[in-house]
**Q** 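Handing you this structure, nothing more for now.
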Amino acid sequence: MSETLAEDSPGFHEAARRNNIDKIVALGHDPWGSRFDDRLLIGDVRARSAEVQFQVENGELLPLPDFEAEEPVEYRQWKSDHGPGSEIGPKVRIAGRIMLKRPTGKLIFLNIEDWTGGIQIFIGKKQVGEANWELAQCFDLGDLVGFDGRLGRTNTGELTVFAEGLHFHSKSLEPPPDKHAGLVDVELRQRRRYLDLCYTEGVRERFLKRTKIVASVRNTLNAQGFCEIEGPTLHAIAGGAAARPFVTHHNTLDLELHMRIALELHLKRLLVGGMERVYELGRVYRNEGISPKHNPEFTMLEVYQAYGDYRSMMDLTEAIIVNAIQAIGGESKLPWGDLEIDFTAPFERRTYSELFTEQTGVDPEDESAVIELAKSLQIDVEGRHLDVVKNEIFEEKVEDSLVGPIFVIDYPASICPLTKRKAGVPHIAERFELFVHGMEIANAYTELNDPDLQEKLFKTQLAGLSDEDSMAKMDHDFVRALRNGMPPTGGLGVGIDRLVMLLTNSTSIRDVILFPLLRPEA
RNA sequence: GCCCCCCUAGCUCAACUGGCAGAGCAUCUGACUCUUAAUCAGAGGGUUGAAGGUUCGAGUCCUUCGGGGGGCACCA
């Protein structure tokens, strides 16, 4: 073609594609396309494959052979055995991205994909005419194109749209990743997620599953009479969890603000306000480390049910998860790496103290034995509350062994400042955490609604903690809200990203977050 | 914040103990009307993440920096 292409270096791919844009314009088409009505989704087109039939001379229609059968069908032979006649199939209009291109002289085979699937396109020079053929010469991998054509089968039996009309929708100026290997580099996959979605097997499906899971969670809650609300994400005091917040600033008010680290305190204010079943499903922000299980912004669900308790929340948690699995067409047993997870409800329920004894051989009520064990694990015991020490042991020795799904119930009270104590057992808090393969998925309490106790526990919790710790900032307004009467309540928090990880067999949270936080590209 | 590993063509990857930077895909040119990771013939494409250093000679060794991954720490 033009000799400028060859000598162009690194931009030679783009130069070739811009050259094709010029040709498309010269042929009277818009390289950036326009509205395209009445197209069918490729998935729906594929579902109509049975409508492709073979019509013999007397007009009789024959069904095509089964191309999925074990014995491969020689379709060319089959046709000559049943001929003379011709294939007939429905007219379809489709659009998609060009994934593969196989030009063979005066024929071009394309594979195009939309978000419901892919299909092969047959473009024959004689069949489409000179003008369309010239347009087809301008097709590059990655372009978005459309076709009017007839659904049929090639000689090898592959379901194919035999093009009659060609449409150009959008040019890709950049070459796609390797057509076989796809995008492999993890950094590129995250930075250029749009490419990952197009060209890495299973990525789009995974994120569509995420959408379905989130919708299902809302459906489950709405069906039980919970109402979704939107609390503020900018907080004067970021409370409801122990995590460092992101700090920001409002100019006109000249006010330091914090991005929320939890949804809890505002939802509870709504309970005081008489909203008896509320939830929020939204983003929270924690200025902490990044790991395969932690992204600085992540999606949290918090649910509160007046006149419920942590046991009501266990049933609800099971319903949320079981329904979500159903929503993505999963079985109760889901793959997890080389293992599987059995999500058959009800999930196992074990007390903290039972599990502690089982895994360590030490009774958590036996102070001296606990201290001895802590020392043997090189856990600092000096000047720390015994429950805190116990919990470190629990996290180290017990949590990783929890295959689950398992509800760990009845935690030591002093590590749960927002939780009601078990009636008659003041050192046990009515709390559960749901663990699956060592990962904490959900956390629930019978919520504390005694304002005096809440204030006292806030203060105790605060003693000795640094200013950076958000719990160190008492939310007086929240305590004031409680002074106006919050019903006894069950509250639940679910890490949506982690739930999606489990249900989609993803080992990194960044595989289920479309745009995880990355440093700006160098 | 600490430790380990990675960064080579648009993409996926090679290059021995330091010795001429390569392949496949993609791109360009040519052939081909049922291909399917199409095939065949030819061509072009590189600041080896960046900057310094050691060396006759650095993709390779050393230092610093940038980006990423994993682990630790942090994290109800």
Side-chain angles (χ1 to χ4, degrees), chain A residues 1-17 19-20 75-76 79 99-111 118-128 133 140-142 152-160 162 172-192 195 199-200 239-244 261-262 264 286-296 298 300 388 391 395 411-412 415-419 429 431 433 440 442-445 461 468-471 493 495 507-508 510 516 518-522:
Chain A
M1 212 56 43
S2 131
E3 62 277 66
T4 58
L5 296 185
E7 65 201 37
D8 276 343
S9 64
F12 63 97
H13 288 100
E14 179 172 336
R17 284 159 185 266
N19 189 29
N20 280 334
Y75 187 42
R76 189 197 290 268
K79 281 190 285 195
M99 307 300 284
L100 293 171
K101 187 167 82 165
R102 293 178 294 282
T104 77
K106 298 183 176 60
L107 284 184
I108 301 171
F109 291 92
L110 299 177
N111 288 83
I119 197 163
Q120 176 169 268
I121 309 291
F122 177 107
I123 304 171
K125 184 176 184 183
K126 205 166 76 187
Q127 290 84 341
V128 299
W133 184 248
D140 291 305
L141 293 180
R153 298 274 182 178
T154 56
N155 285 341
T156 55
E158 170 133 358
L159 193 65
T160 300
F162 290 83
S172 171
L173 292 174
E174 298 191 6
D178 186 286
K179 67 185 179 188
H180 189 52
L183 263 198
V184 171
D185 184 85
V186 177
E187 180 176 355
L188 275 182
R189 289 187 47 206
Q190 292 173 172
R191 284 196 193 282
R192 311 196 64 195
L195 292 180
Y199 297 107
T200 310
R244 284 200 299 250
I261 58 172
E264 176 155 2
R286 296 188 180 177
N287 208 338
E288 308 280 357
I290 295 176
S291 85
K293 289 176 191 165
H294 300 83
N295 192 60
F298 62 100
M300 177 103 113
V388 175
N391 203 44
E395 280 171 9
Y411 278 66
I415 60 169
C416 313
L418 297 168
T419 312
R431 171 189 186 186
E433 289 194 275
E440 179 196 332
N443 188 9
Y445 314 105
Q461 172 91 0
E468 282 205 311
D469 193 317
S470 68
M471 287 298 271
T507 51
S508 170
R510 273 163 271 148
L518 293 174
R519 286 187 158 92
E521 209 164 355

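Throughout, a chain's letter reflects where its sequence line sits, starting with A, and its residues are numbered from 1. In this text, all values refer to a predicted model and were calculated from it rather than measured experimentally.
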**Q** Side-chain N or O of A/R191 versus OP1/OP2 of B/G68: is the shortest distance under 4.0 Å?
**A** yes
**Q** Counting just side-chain N and O atoms, does A/R286 come under 4.0 Å of either OP1 or OP2 of B/C75?
**A** no
**Q** According to ring pair (Phe, Tyr, Trp, His ring centres under 6.0 Å), who are the partners of A/F298, at least two apart in sequence or on a separate chain?
**A** none
**Q** Given the P atoms of B/G45 and B/G24, what is the spacing between them in whole Å?
**A** 16 Å
**Q** Establish, with yes or no, whether the OP1 or OP2 oxygen of B/G69 is under 4.0 angstrom from a side-chain nitrogen or oxygen of A/R510.
**A** yes
**Q** Taking any heavy-atom pair under 4.0 Å as a contact, classify A/Y411: base, sugar-phosphate, or nothing.
**A** nothing
**Q** Look at the side chain of A/T154 against the base of B/U35 and say whether a donor-acceptor pair falls under 3.5 Å; ignore hydrogens and angles.
**A** yes
**Q** Which value, in whole Å, describes the distance between the P atoms of nucleotides B/U60 and B/C3?
**A** 22 Å
**Q** Give a yes or no on whether the backbone of A/L159 and the side-chain of A/Q120 come within a donor-acceptor separation of less than 3.5 Å.
**A** no
**Q** Would you say the side chain of A/D178 and the base of B/G10 hold a donor-acceptor pair, judged only by whether the two atoms sit under 3.5 Å apart?
**A** no
**Q** Within the pair A/R102 and B/U35, is there a side-chain N or O less than 4.0 Å away from OP1 or OP2?
**A** no
**Q** Expressed as a whole number of Å, how far does the C1' atom of B/C61 sit from that of B/U54?
**A** 8 Å
**Q** Consider only side-chain N and O atoms of A/R431 and A/N443, and report whether a donor and an acceptor are under 3.5 Å apart.
**A** yes
**Q** Taking atom types as they are modelled, would you say the side chain of A/Q120 forms a donor-acceptor pair with the base of B/U35 within the 3.5 Å cutoff?
**A** yes
**Q** For atom P, what is the distance between B/C75 and B/A15, given to the nearest Å?
**A** 43 Å
**Q** Using the P atoms only, state how far B/C16 lies from B/G22, rounded to an integer number of Å.
**A** 14 Å
**Q** Could you give the distance separating B/C62 and B/A23 at their C1' atoms, to the nearest angstrom?
**A** 31 Å
**Q** Sticking with atom P, work out how far B/C5 lies from B/U64, rounded to a whole angstrom.
**A** 14 Å
**Q** Would you state whether a donor and an acceptor, one from the side chain of A/H294 and one from the base of B/C75, lie under 3.5 Å apart?
**A** yes
**Q** Using atom C1' in both nucleotides, what's the gap between B/C7 and B/G46 to the nearest angstrom?
**A** 15 Å
**Q** Tell me whether A/H13 and B/G10 count as stacked here, given that the ring centres must be under 5.5 Å apart and the planes must differ by less than 30 degrees.
**A** no
**Q** Should A/Q190 be listed as having a side-chain N or O under 4.0 Å from OP1 or OP2 of B/G69?
**A** yes
**Q** Under 4.0 Å between any heavy atoms, over every strand shown, what does A/P176 touch: base, sugar-phosphate, or nothing? Just pick one.
**A** nothing
**Q** With a non-hydrogen cut-off below 4.0 angstrom, is A/K106 in contact with a base, only sugar-phosphate, or nothing?
**A** base
**Q** Can you list the stems that include RNA chain B, where a stem is three or more consecutive Watson-Crick or G-U pairs with distances under 3.5 Å?
**A** B:1-7 with B:66-72, B:10-13 with B:22-25, B:27-31 with B:39-43, B:49-53 with B:61-65
**Q** It should be established whether A/K79 places a side-chain nitrogen or oxygen under 4.0 Å from OP1 or OP2 of nucleotide B/C34.
**A** no
**Q** Let me know the distance between CZ of A/F109 and P of B/C32, rounded to the nearest Å.
**A** 16 Å
**Q** Between B/G46 atom P and A/F12 atom CZ, what is the distance in whole Å?
**A** 8 Å
**Q** With a 4.0 Å cutoff (strictly under), does any side-chain N or O of A/K126 reach OP1 or OP2 of B/U33?
**A** no
**Q** More 5' along RNA chain B: A/L107 or A/D140, using each one's nearest nucleotide?
**A** A/D140
